[in-house]
Amino acid sequence: MEDKIDKSDIDILMDVEFLVSVIVAIGEVANITGVPQRKIRYWDEKGLIEPVDTTSTTRQYDYLNIKKIVLIKDLLDEGYTLDTTAKKLNERCQKMAEVFKRAAALTKK
DNA sequence: ATTCTTACA
DNA sequence: TGTAAGGA
């Protein structure tokens with residue numbers, strides 16, 4: 001694999017940097033994903049998702065969270081149980097986290 | 001105006 | 001899961 005980056009790659013990386021900085025409340029997430037707030041809070045209670053500021057009185061969600069929520073919705077729609085969905089979620093979450101970490105590291109160079 | 005928790009015609 | 005109540 002080629003690891004050399006050019007100018008267009010930098011542009012994309014900056015977009016990613018912006019995306020990961022975006023933080024929204026549950027209402028926005030519900031609008032964007034189409035998942036009812038009720039479900040989002042429920043999945044939160046079940047530990048499927050982790051809002052980015054546990055000290056806040058309100059749930060704060062970042063891009064990764066939104067990504068997870070959409071993933072959960074799709075998995076559930078496919079017929080998986082909440083439990084197996086949680087496991088499949090973690091697998092893909094680790095991969096996503098790695099990708100974002102590398103992207104973030106690249107933008108700093 | 002928006003979110004939070006609790007509870008159930 | 002939907003939704004209404006009641007407080008923050």
Side-chain angles (χ1 to χ4, degrees):
Chain A
M1 276 298 166
E2 181 60 79
D3 62 341
K4 184 177 177 56
I5 61 177
D6 57 30
K7 193 173 185 302
S8 64
D9 289 328
I10 297 295
D11 287 337
I12 295 175
L13 256 20
M14 286 175 70
D15 287 338
V16 172
E17 187 176 45
F18 168 72
L19 278 179
V20 298
S21 72
V22 172
I23 293 179
V24 295
I26 195 171
E28 287 291 329
V29 180
N31 288 327
I32 297 172
T33 65
V35 177
Q37 297 185 15
R38 178 71 173 83
K39 287 187 182 178
I40 297 176
R41 294 196 180 100
Y42 182 65
W43 298 344
D44 185 356
E45 291 177 31
K46 295 303 178 184
L48 295 217
I49 49 181
E50 186 79 20
V52 283
D53 184 3
T54 56
T55 66
S56 175
T57 59
T58 62
R59 280 167 258 252
Q60 311 284 86
Y61 297 100
D62 60 9
Y63 180 76
L64 239 34
N65 273 310
I66 296 174
K67 201 74 184 176
K68 289 182 188 177
I69 290 171
V70 173
L71 193 52
I72 294 171
K73 175 172 71 75
D74 292 339
L75 256 22
L76 251 27
D77 285 343
E78 287 174 28
Y80 292 105
T81 65
L82 207 62
D83 198 65
T84 59
T85 291
K87 292 174 182 174
K88 286 183 173 292
L89 185 68
N90 286 326
E91 295 174 15
R92 252 177 273 190
C93 273
Q94 289 183 29
K95 293 177 183 176
M96 281 196 292
E98 288 176 24
V99 173
F100 273 76
K101 223 167 193 175
R102 289 176 187 169
L106 286 175
T107 53
K108 291 179 180 177
K109 291 181 180 177

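Protein chains get the first letters and strands the later ones, always in sequence-line order, with residue 1 at the start of each. All values below come from the heavy atoms of this structure, side chains included, with hydrogens, waters and symmetry mates left out. Since the structure is predicted, the reported quantities are computational estimates derived from the model, not experimental observations.
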Side chain to side chain donor-acceptor pair (under 3.5 Å) involving A:D83 - partner list, sequence neighbours excluded
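Side chain to side chain donor-acceptor pair (under 3.5 Å) check on A:D83 returns nothing, list empty.
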Any link between A:V35 and A:Y80 through a network of hydrophobic side chains (Ile, Leu, Val, Met, Phe, Trp, Tyr) touching at under 4.5 Å?
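Per the 4.5 Å side-chain linkage, A:V35 and A:Y80 are co-clustered.
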side-chain contact (heavy atoms from CB on, under 4.5 Å) involving [X] - partner list, sequence neighbours excluded:
X     : answer
A:S56 : A:D53, A:T58, A:Q60
A:Q37 : A:I26, A:A30, A:R41
A:D6  : A:S8, A:D9

Indicate yes or no: at least one non-hydrogen side-chain atom of A:I40 is less than 4.5 angstrom from one of A:V29.
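A:I40 reaches A:V29 side chain to side chain.
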Does anything in residues 14-34 of chain A pair up under side-chain hydrogen bond (donor to acceptor under 3.5 Å, both in side chains), and if so which pairs, sequence neighbours excluded?
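Output for this query is empty, none listed.
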Scan nucleotides 2-7 of chain B nucleotide by nucleotide, 5' to 3', and note B when protein non-hydrogen atoms come under 4.0 Å of the base, S if they reach only the sugar-phosphate, - if neither.
-SBB-B
List, one per line, each side-chain donor-acceptor pair under 3.5 Å for residues 61-76 of chain A, sequence neighbours excluded.
residue	atom	partner	partner atom	Å
A:D62	OD1	A:L64	N	3.3
A:D62	OD1	A:N65	N	2.9
A:D62	OD1	A:N65	ND2	3.0
A:N65	ND2	A:E50	O	3.4

How long is the gap from [atom1] on [X] to [atom2] on [Y], to the nearest 0.5 Å?
X     : Y     : atom1 : atom2 : value
A:I5  : A:D11 : CD1   : CG    : 11.0 Å
A:Y42 : A:R38 : OH    : CZ    : 8.0 Å
A:L82 : A:L48 : CG    : CG    : 4.5 Å

Please table the atom pairs, donor to acceptor, closer than 3.5 Å between any side-chain atom in residues 85-103 of chain A and protein atoms at least two apart or in another chain.
residue	atom	partner	partner atom	Å
A:T85	OG1	A:T81	O	2.7
A:N90	ND2	A:A86	O	3.3

Would you sketch DNA chain C in dot-bracket for me? Only Watson-Crick or G-U wobble pairs with both distances under 3.5 Å count, crossing pairs as [ ], other-strand pairs as |, the rest as dots.
.|||||.|
Strictly below 4.0 Å, heavy-atom distances to any atom of DNA chain C: list the hits from residues 63-75 of chain A, or just say none.
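Within residues 63-75 of chain A, no residue comes under 4.0 Å of DNA chain C.
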Provide the start and end nucleotides, 5' to 3', of the part of DNA chain C that has atoms under 4.0 Å from heavy atoms of chain A.
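With heavy atoms of chain A under 4.0 Å away, the range is C:dT1 to C:dT3.
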